[in-house]
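Both ligands and their constituent atoms are indexed starting at 1 by order of listing.
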Amino acid sequence: MATSLMPYDNRDGSIWFDGKLVPWRDAKIHVLTHALHYASAVFEGERVYGGTIFKLREHSQRLIDSARILGFEIPWKLEEIEAACIATVKAQNIKDGYVRPIAWRGPEQMGVSAQATKIHMSIAVWDWGTYFAPEARLKGIRMAWAKWSRPAPNTAPTKAKASGLYMICTLSKHAAEAAGYEDALMLDWRGRIAEATGANIFLAIDGELHTPTPDCFLDGITRRHVIGLAKARQLKVIERAIMPEELAKAQEVFLTGSAAEITPVREIGDYKFTPGAITKALIEDFDRSVRGLEKVSAA
Ligand code: PMP
């Protein structure tokens, strides 16, 4: 069976679980774990390129920050989390793959209050290819409009990479897939363009890059990296509120994320785009930068 079709609980290897590497199939939790019932969990998604975790410091810090936003402290320090991620990549002998740390509240209490729960953490690493089908990198993906909106910052902890926030992402992605699309574009509660179900969005309009201000969704680590790459190429990057009708002005659109990397978009509802020079140049810069290679000089 191809690895991607193997259920995630039935694989060979080791998972870092509460301080040590355990056999993959033994990394289990009880059904009365608080996180399972009340989504008291925060997680990360990181990529390994050539055996090195890209932006490990930023991801580990965000994990700690997300937990604090949810009101708990991960009982491992930043450096310990980093070392644990590196040790797991090594144990799994992964050169190019994905890292999934998660921290959650345990089963000591069952109910909305969770003050007495213990905090657990695990880190799993596996071989992984592209998030969308490989040909998406050339042609671009097709996106539907999500019927769910990103919530306002006073209705959900929008700065945290928290499990509970993904409920509307899965619903939106499933609806898009059922209609024959690859992903969905979510607006925010004000009707502005927000992000995809697991990635940020950029629009190229007349040679400049525009991206929504991340005031109610994740300011992605890849997003910030790509803004840096664009600026190094003397491209103007404008962070602002973007309304859906503005898609009519965009020549190119792409998504960014640890999983999505840079994925061109060729369709959003009735709007059509063609992956062009800006997207291609940034993909090239991105591919070189994640492997620690020198960036191509600005063309
Ligand atoms: N938004 C959502 C909802 C995501 O799940 C992700 C992936 N973590 C992103 C944006 C992009 O974040 P990053 O570049 O830090 O992976």
Side-chain angles (χ1 to χ4, degrees), residues 39 41-49 53-67 69-70 81-82 85 97-103 123-125 128 130-132 141 143 145-146 148-153 155-176 182-189 192-203 209 211-230 237 239 242 253-265 282-283 285-287 289-290:
V42 294
F43 66 101
E44 275 304 319
E46 308 163 6
R47 280 224 182 234
V48 185
Y49 294 104
I53 304 171
F54 183 63
K55 303 271 184 197
L56 175 59
R57 168 70 37 120
E58 287 84 346
H59 283 286
S60 307
Q61 187 61 56
R62 186 169 68 185
L63 186 72
I64 291 171
D65 294 342
S66 294
I69 293 172
L70 262 63
I81 296 172
E82 289 177 344
C85 290
Y98 190 72
V99 185
R100 169 52 58 88
I102 181 163
I123 301 160
V125 178
W128 213 38
T130 54
Y131 183 59
F132 295 101
I141 58 160
M143 298 178 77
W145 294 105
W148 299 93
S149 306
R150 300 304 309 174
T155 57
T158 53
K159 290 278 168 224
K161 191 166 167 64
S163 298
L165 291 170
Y166 284 84
M167 178 171 56
I168 55 174
C169 298
T170 298
L171 286 167
S172 302
K173 179 114 176 163
H174 282 185
E182 276 109 334
D183 203 353
L185 180 59
M186 305 182 81
L187 303 181
D188 72 11
W189 89 103
R192 300 170 174 177
I193 290 178
E195 58 169 357
T197 60
N200 294 116
I201 188 163
F202 286 79
L203 284 60
L209 274 185
T211 189
T213 310
D215 58 4
C216 63
F217 55 87
L218 277 189
D219 179 5
I221 291 165
T222 319
R223 176 187 182 279
R224 291 204 295 272
H225 179 62
V226 168
I227 289 175
L229 292 175
V237 183
E239 296 183 60
I242 304 177
V253 173
F254 59 83
L255 306 181
T256 65
S258 300
E261 301 175 290
I262 297 181
T263 300
V265 177
L282 289 173
I283 288 179
D285 291 354
F286 180 83
D287 286 349
S289 66
V290 296

Distance-only N or O hit between ligand 1 and [X], under 3.5 Å:
{"X": "Ile221", "result": "yes"}
{"X": "Asn200", "result": "no"}
{"X": "Thr197", "result": "no"}
{"X": "Arg150", "result": "no"}
{"X": "Tyr166", "result": "yes"}
{"X": "Ser258", "result": "yes"}

So which bit of Ala199 gets within less than 4.0 Å of ligand 1, heavy atoms only: side chain, backbone, both or neither?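 It is the backbone that touches ligand 1; the side chain stays farther off.
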
Which bit of Glu44 is near ligand 1, meaning a heavy atom under 4.0 Å away: side chain, backbone, both or neither?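 The answer is neither.
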
Please list the nearest protein heavy atom to [atom] with its residue and the distance rounded to 0.1 Å.
{"atom": "atom 12 (O) of ligand 1", "result": "Gly220 CA, 3.4 Å"}
{"atom": "atom 6 (C) of ligand 1", "result": "Gly198 O, 3.3 Å"}
{"atom": "atom 8 (N) of ligand 1", "result": "Lys161 NZ, 2.8 Å"}
{"atom": "atom 14 (O) of ligand 1", "result": "Thr222 OG1, 2.6 Å"}

Quick check: closest heavy atoms across [X] and [Y], and the distance to 0.1 Å?
{"X": "Gly45", "Y": "Lys161", "answer": "N-CE, 4.0 Å"}
{"X": "Pro157", "Y": "Leu165", "answer": "O-CD1, 3.4 Å"}
{"X": "Asn200", "Y": "Leu218", "answer": "ND2-O, 3.0 Å"}
{"X": "Phe286", "Y": "Thr222", "answer": "CE1-CG2, 3.7 Å"}

Between Glu44 and His59, is a side-chain hydrogen bond (donor to acceptor under 3.5 Å, both in side chains) present by the stated rule, with each step listed? CA-CA 7 Å; Glu44 275 304 319; His59 283 286; 2.6 Å; yes

Do Glu82 and Arg57 meet the salt-bridge criterion of a basic N to acidic O distance under 4.0 Å?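 Between Glu82 and Arg57 there is a salt bridge, with a charged N closer than 4.0 Å to a carboxylate O.
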
Hey, does Ser258 have a side-chain heavy atom less than 4.5 Å from the side chain of Val99?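 No; the side chains remain at least 4.5 Å from each other.
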
Flag side-chain contact, heavy atom, 4.5 Å: Glu239 against Ile227: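 Yes. Closest side-chain heavy atoms under 4.5 Å.
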
Would you call the rings of Tyr98 and Trp128 parallel, tilted or perpendicular, where under 30° means parallel and over 60° means perpendicular?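 Taking Trp128 first and then Tyr98, their aromatic rings sit tilted (interplane angle of 30° to 60°).
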
Is the closest heavy-atom distance from Lys55 to ligand 1 below 4.0 Å?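 So Lys55 does not count as touching ligand 1.
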
Counting from 1, what ligand 1 atoms have a heavy atom of Glu195 closer than 4.0 Å?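 Answer for ligand 1: 1 (N), 2 (C), 3 (C), 10 (C).
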
